[in-house]
Amino acid sequence: MPDDYGYILWLLVILNSAIFIIFAFSFVKPRTKPDWRAFGGFSAFVIALFTEMYGFPLTIYFLSGWLGSQFPDLNLLTHNSGHLWQDLVGWQGDLHLLSNVLIAAGFILLYQAWRILYAAQREHRLAVTGIYARMRHPQYLGFLTIMFGFLLQWPTILTLIMFPILVVVYHRLAKREEKDMTAEFGDEYLDYARRVPAFIPRLGPDKTSPVPNRPHGPDTR
């Protein structure tokens with residue numbers, strides 16, 4: 001067995017999963033059922049990822065016959081064989097760097113979103129400043145950006161299946177949140193939603209009139 005086998009390391013699975021889940025939890029502070037569903041989907045993705053990264057390489061096991069015939073020089077018993085994109089397409093360090101940039105950007109987005117949202121919640125108003133002046137659902141985009149970054153670095157059958165499902169789940173959660181906010185804030189939220197896109201950040205200055213930050217109920221999303 002080669003020295004860089006790197007699997008059946010269940011302690012690393014637990015530690016890495018816990019680090020990323022706790023790190024994300026410290027940013028988003030889930031309170032409502034939609035919050036917990038979004039956070040639960042992200043947590044399941046992370047656990048599935050690190051289980052194959054350091055526990056058991058299920059994807060490599062299922063694809064071993066095809067990979068062995070297509071890439072006879074590829075040593076499937078090494079840990080680096082899990083970087084399937086660089087094995088299949090030939091991409092090397094640039095893809096790994098892009099993955100890390102996306103993961104970092106996703107966590108920065110979560111932090112910026114929570115910082116604005118927390119301040120708005122304390123003042124009982126809509127969160128419409130900072131990153132929320134550019135998009136309506138930065139937290140969901142942050143989760144998806146992190147997961148996409150991981151997919152570039154270490155794709156697995158399970159996470160490739162989970163990712164599009166979570167995209168749909170987050171989109172539905174966003175729509176549900178918007179209905180709740182419309183019921184609570186009425187025209188104030190509708191005016192905000194007309195000016196600000198849901199997931200694709202708006203570029204350039206906001207030339208429309210700002211949404212008034214009048215006091216309202218405790219849940220500001």
Side-chain angles (χ1 to χ4, degrees), residues 20-46 101-151 159 161-221:
F20 278 94
I21 291 172
I22 293 172
F23 200 48
F25 182 87
S26 68
F27 288 158
V28 299
K29 299 290 196 307
R31 296 172 55 196
T32 65
K33 286 184 179 179
D35 289 342
W36 281 108
R37 288 178 189 142
F39 183 73
F42 172 80
S43 300
F45 182 95
V46 168
V101 169
L102 288 173
I103 294 170
F107 276 111
I108 291 172
L109 189 57
L110 286 178
Y111 169 73
Q112 292 295 331
W114 172 245
R115 185 173 59 87
I116 299 299
L117 184 62
Y118 179 73
Q121 287 176 337
R122 293 189 62 181
E123 298 172 14
H124 307 298
R125 59 177 173 80
L126 279 171
V128 296
T129 59
I131 191 62
Y132 281 94
R134 303 287 179 180
M135 69 181 85
R136 301 197 303 273
H137 303 288
Q139 291 197 48
Y140 293 151
L141 182 61
F143 278 133
L144 292 174
T145 302
I146 295 170
M147 290 186 286
F148 184 71
F150 277 128
L151 282 180
T159 54
I161 293 173
M162 291 176 66
F163 183 77
I165 293 175
L166 288 172
V167 170
V168 174
V169 168
Y170 287 170
H171 183 265
R172 290 182 176 177
L173 287 174
K175 291 296 183 182
R176 182 174 178 178
E177 279 190 9
E178 292 184 350
K179 289 181 179 179
D180 293 340
M181 292 300 97
T182 300
E184 182 176 354
F185 289 94
D187 290 340
E188 182 181 357
Y189 185 80
L190 289 175
D191 181 57
Y192 167 70
R194 281 192 294 267
R195 297 184 306 107
V196 179
F199 294 101
I200 301 176
R202 183 188 60 199
L203 302 177
D206 181 8
K207 297 181 180 179
T208 61
S209 58
V211 176
N213 290 326
R214 61 177 175 82
H216 213 286
D219 193 352
T220 60
R221 282 183 291 172

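Note that this is a predicted model, so its numbers are computed, not measured. FYI, the numbering just counts along the sequence from 1.
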Participant: For Ala113 versus Gln139, what's the shortest heavy-atom pair and its separation?
Facilitator: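 Distance-wise, the nearest heavy atoms are CB-CG, 3.6 Å.
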Participant: Start with the C-alpha distance between Phe20 and Phe23, add both sets of side-chain angles, then the distance that settles ring-ring contact (aromatic ring centres under 6.0 Å, His included), and finish with yes or no.
Facilitator: CA-CA 5 Å; Phe20 278 94; Phe23 200 48; 7.6 Å; no
Participant: Start with the C-alpha gap between Met162 and Val169, add the side-chain angles, then the distance that decides, and say whether side chain to side chain contact (heavy atoms under 4.5 Å, CB included) holds.
Facilitator: CA-CA 10 Å; Met162 291 176 66; Val169 168; over 6 Å; no
Participant: Once rounded to the nearest 0.5 Å, what's the spacing between atom CZ of Phe185 and atom CZ of Arg125?
Facilitator: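 Rounded to the nearest 0.5 Å, the CZ-CZ separation comes to 10.0 Å.
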Participant: Which label fits Phe42 and Phe107: parallel for a plane angle under 30°, tilted from 30 to 60°, or perpendicular past 60°?
Facilitator: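 Aromatic pair Phe42/Phe107 classed perpendicular.
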Participant: Quick check for you: to the nearest 0.5 Å, what is the distance between Ile108 atom CD1 and Ile131 atom CD1?
Facilitator: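 One gets 11.0 Å once the value is rounded to the nearest 0.5 Å.
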Participant: About how many Å separate CG of Leu110 and CG of Leu141, when rounded to the nearest 0.5 Å?
Facilitator: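 It comes to 9.0 Å.
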Participant: Output, in order, the C-alpha distance, side-chain angles, deciding distance and verdict of side chain to side chain contact (heavy atoms under 4.5 Å, CB included) for Phe45 and Phe143.
Facilitator: CA-CA 10 Å; Phe45 182 95; Phe143 278 133; over 6 Å; no
Participant: Which distance, rounded to the nearest 0.5 Å, do you find between the CG of Leu117 and the CZ of Phe27?
Facilitator: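 These two atoms lie 14.0 Å from each other.
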Participant: Determine the interplanar angle of the Phe163 and Phe148 rings, folded into 0 to 90°, and report it as parallel if under 30°, tilted if 30 to 60°, perpendicular if over 60°.
Facilitator: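 Plane angle between 30° and 60°, so tilted.
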Participant: Assess whether atom CZ of Phe199 is packed by more than 12 heavy atoms of other residues, nucleotides or ligands within 6.0 Å.
Facilitator: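 For Phe199, atom CZ is crowded (more than 12 foreign heavy atoms under 6.0 Å).
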Participant: Can a donor-acceptor pair be found, under 3.5 Å and without considering hydrogens, that links the side chain of Arg202 to the backbone of Arg195?
Facilitator: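 A pair under 3.5 Å: yes.
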Participant: Working to the nearest 0.5 angstrom, can you tell me the gap between Tyr132 OH and Gln112 CD?
Facilitator: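 The distance works out to 11.0 Å.
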Participant: Surrounding CZ of Arg115 (heavy atoms of other residues, nucleotides or ligands, distance under 6.0 Å), is the total greater than 12?
Facilitator: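 Check passes, neighbour count above 12.
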Participant: Are any non-hydrogen side-chain atoms of Glu184 and Met181 less than 4.5 angstrom apart?
Facilitator: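 The answer is yes, as the side chains (C-beta and beyond) meet within the 4.5 Å cut-off.
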Participant: Are side-chain heavy atoms of Tyr140 and His171 found at a separation under 4.5 Å?
Facilitator: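 No; the side chains remain at least 4.5 Å from each other.
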Participant: Begin from the C-alpha positions of Arg37 and Arg176 and carry the test side chain to side chain contact (heavy atoms under 4.5 Å, CB included) through to its verdict.
Facilitator: CA-CA 12 Å; Arg37 288 178 189 142; Arg176 182 174 178 178; 2.8 Å; yes
Participant: Tell me the closest heavy-atom pair linking Ile116 and Ala127, and the distance in Å.
Facilitator: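 Heavy atoms of Ile116 and Ala127 come nearest at CG2-CB, 4.2 Å.
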Participant: Using side-chain heavy atoms (C-beta onward) and a distance below 4.5 Å, is Arg194 in contact with Asp191?
Facilitator: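 With C-beta onward as the side chain, the pair touches.
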Participant: Could you state the interatomic distance from CD1 (Ile103) to CE (Met147), rounded to the nearest 0.5 Å?
Facilitator: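 The distance works out to 11.5 Å.
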Participant: Determine the minimum heavy-atom distance between Thr145 and Leu102, stating which atoms define it.
Facilitator: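 In terms of heavy atoms, the two residues are closest at CG2-O, 3.3 Å.
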Participant: Between Met135 and Pro201, which heavy-atom pair has the shortest distance, and what is it?
Facilitator: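 For Met135 and Pro201, the tightest heavy-atom pair comes out as CE-CG, 3.1 Å.
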Participant: Tell me, do Glu178 and His137 make a side-chain contact under 4.5 Å, heavy atoms counted?
Facilitator: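 In contact.
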Participant: Is it the case that more than 12 heavy atoms not belonging to Tyr111 sit under 6.0 Å from its OH atom?
Facilitator: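 No, OH of Tyr111 has 12 or fewer neighbouring heavy atoms, counting only those of other groups under 6.0 Å.
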